[in-house]
Amino acid sequence: MTRIIVYTLVLGLLGCTSNKKSEESKSEDFGLEKIITGQWTNLSMQIQLGSVDSLISVPEGQWESILNMKPILTTFNPDGTYDSKYTSLADTVLFTDSGKWEIKLDSLYLTSGDNTTSYKFQFEDPIGTFTGYLDWDNDGENNDLYTGRQRKN
């Protein structure tokens, strides 16, 4: 009988610990959700291509001269949707992307159509750093390491 009581107490304590961690994760997520919501402007990016030994680098302050377009504007809406606008130097919209976003622990997940990409997200007010693997070179593999810095507007 004593063993049953001890097991019950241990399982009960494990359950409380598990729920507490779950609540802590949710509160951490909420903090990042609040931070990510709003409009962001790309500052710089670096992509290490996985299929070839090549590095694409766009340093801060050189976005327009290297890419011949304005920095990308991305808006993360409170309802979990996002849109990104790619604009020419003459203010013509070249491309838009939209979808859903979600924070899980320290990562941002962007889903557009059937494609979901995850980025580790770090924030030092007002700059966010997004790091993740994607298929930049369209070789069918998410093996290109992207690191981008954006400023929250």
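As a basis for the values below, the full set of heavy atoms in this structure was taken, side chains included, without hydrogen atoms, waters or symmetry mates. Remember, it's a predicted structure, so these values are computed and weren't measured experimentally.
Counting only heavy atoms from C-beta outward, the side chains of Thr74 and Gln39 never approach each other to under 4.5 Å. At least one side-chain heavy atom of Trp40 sits less than 4.5 Å from a side-chain heavy atom of Phe76.
Looking only at distances, a side-chain donor or acceptor of Trp101 sits under 3.5 Å from a matching main-chain atom of Thr81. Using a distance-only test at 3.5 Å, with no hydrogens or angles considered, a donor-acceptor pair links the side chain of Ser88 to the main chain of Thr92.
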Pairs under 3.5 angstrom only: tabulate donor-acceptor contacts from the side chains of residues 128-136 to other protein residues two or more places apart or in another chain.
{"unit_1": "Asp135", "atom_1": "OD1", "unit_2": "Asn138", "atom_2": "N", "d": "3.0"}
{"unit_1": "Asp135", "atom_1": "OD1", "unit_2": "Asp139", "atom_2": "N", "d": "2.9"}
{"unit_1": "Asp135", "atom_1": "OD2", "unit_2": "Gly140", "atom_2": "N", "d": "2.9"}

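For Phe95, the ring pair (Phe, Tyr, Trp, His ring centres under 6.0 Å) test picks out Tyr86, with sequence neighbours left out. Among residues two or more places apart in sequence or in another chain, the ring pair (Phe, Tyr, Trp, His ring centres under 6.0 Å) test is passed with Tyr146 by Tyr119.
Salt bridge present: Lys70 and Asp91 bring a charged side-chain N and a carboxylate O closer than 4.0 Å.
How far CG of Asn42 is from CD of Glu60: 11.0 Å, rounded to the nearest 0.5 Å. Atom OG in Ser98 sits 10.0 Å away from atom CG in Asn77 (nearest 0.5 Å). A distance of 4.0 Å separates OG of Ser112 from CG of Asp97, quoted to the nearest 0.5 Å. Going from atom OG1 of Thr116 over to atom CG of Leu110 covers 8.5 Å, rounded to the nearest 0.5 Å.
A chain of hydrophobic side-chain contacts below 4.5 Å, direct or via other Ile, Leu, Val, Met, Phe, Trp or Tyr residues, connects Ile66 to Met45.
Lys100 forms no cation-pi arrangement with Tyr82, by the criterion of a distance under 6.0 Å to the ring centre and an angle within 45° of the ring axis.
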